[in-house]
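Single-structure report; data block below.
A quick note: this is a predicted structure, and the numbers were derived from the prediction, not measured.
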Amino acid sequence: MPALELVVWAHSTIGHDRVALAERLVELDDVYDTLEYTDMTEQEVNDEVLAEARRIVGASR
């Protein structure tokens, strides 16, 4: 699943302030929406999404 699709799903399905473990993924959807106003590139956000997904999977073990 592409990084953007993952965070869009997390934001629309989980939303803000409902599941602490997924909060950063939800926030990263907002980062994509405001990318032009940050100093991050799309690839940097993609990389952060991947790292966050790995963190979540590791936390559930």
Task: Shortest non-hydrogen separation from Ala53 to Leu6 and the atoms involved - done: CB-CD2, 4.1 Å
Open item on the list: Same cluster or not: Leu35 versus Val8, using hydrophobic residues (I, L, V, M, F, W, Y) connected whenever any side-chain heavy atoms lie under 4.5 Å apart?
Closed with: yes
Open item on the list: Between Arg55 and Leu21, is there a side-chain heavy-atom distance shorter than 4.5 Å?
Closed with: yes
Open item on the list: I'd like to know if the side chain of Gln43 pairs up with that of Asp47 as donor and acceptor (distance under 3.5 Å, no hydrogens or angles considered).
Closed with: yes
Open item on the list: I need the minimum non-hydrogen distance between Leu25 and Ala10, along with the two atoms involved.
Closed with: CB-CB, 4.1 Å
- [ ] Answer yes or no: is there a donor N or O on one side and an acceptor on the other, between the side chain of Glu5 and the main chain of Pro2, under 3.5 Å?
- [x] no
Open item on the list: Rounded to the nearest 0.5 Å, what separates atom CD1 in Ile14 from atom CG in Asp29?
Closed with: 11.5 Å
Task: Leu28, Asp33, Thr34 screened by side chain to side chain contact (heavy atoms under 4.5 Å, CB included) with Asp30, the one that passes - done: Asp33
Task: Connected via hydrophobic side-chain network under 4.5 Å: Leu50 and Val57 - done: no
Open item on the list: How long is the straight-line distance from CG of Asp17 back to CD of Glu23, given to the nearest 0.5 Å?
Closed with: 5.0 Å
- [ ] Measure across Thr13 and Arg18 and return the closest heavy-atom pair with its distance rounded to 0.1 Å.
- [x] O-NH1, 4.0 Å
TODO: Examine distances only and state if a side-chain atom of Ser12 and a backbone atom of Trp9 form a donor-acceptor pair shorter than 3.5 Å.
DONE: yes
- [ ] Evaluate whether atom CD of Glu44 has more than 12 neighbouring non-hydrogen atoms of other residues, nucleotides or ligands under 6.0 angstrom away.
- [x] yes
Open item on the list: Listing request: all ring-ring contact (aromatic ring centres under 6.0 Å, His included) pairs with a residue in residues 16-38, at least two apart in sequence or in separate chains.
Closed with: His11-His16
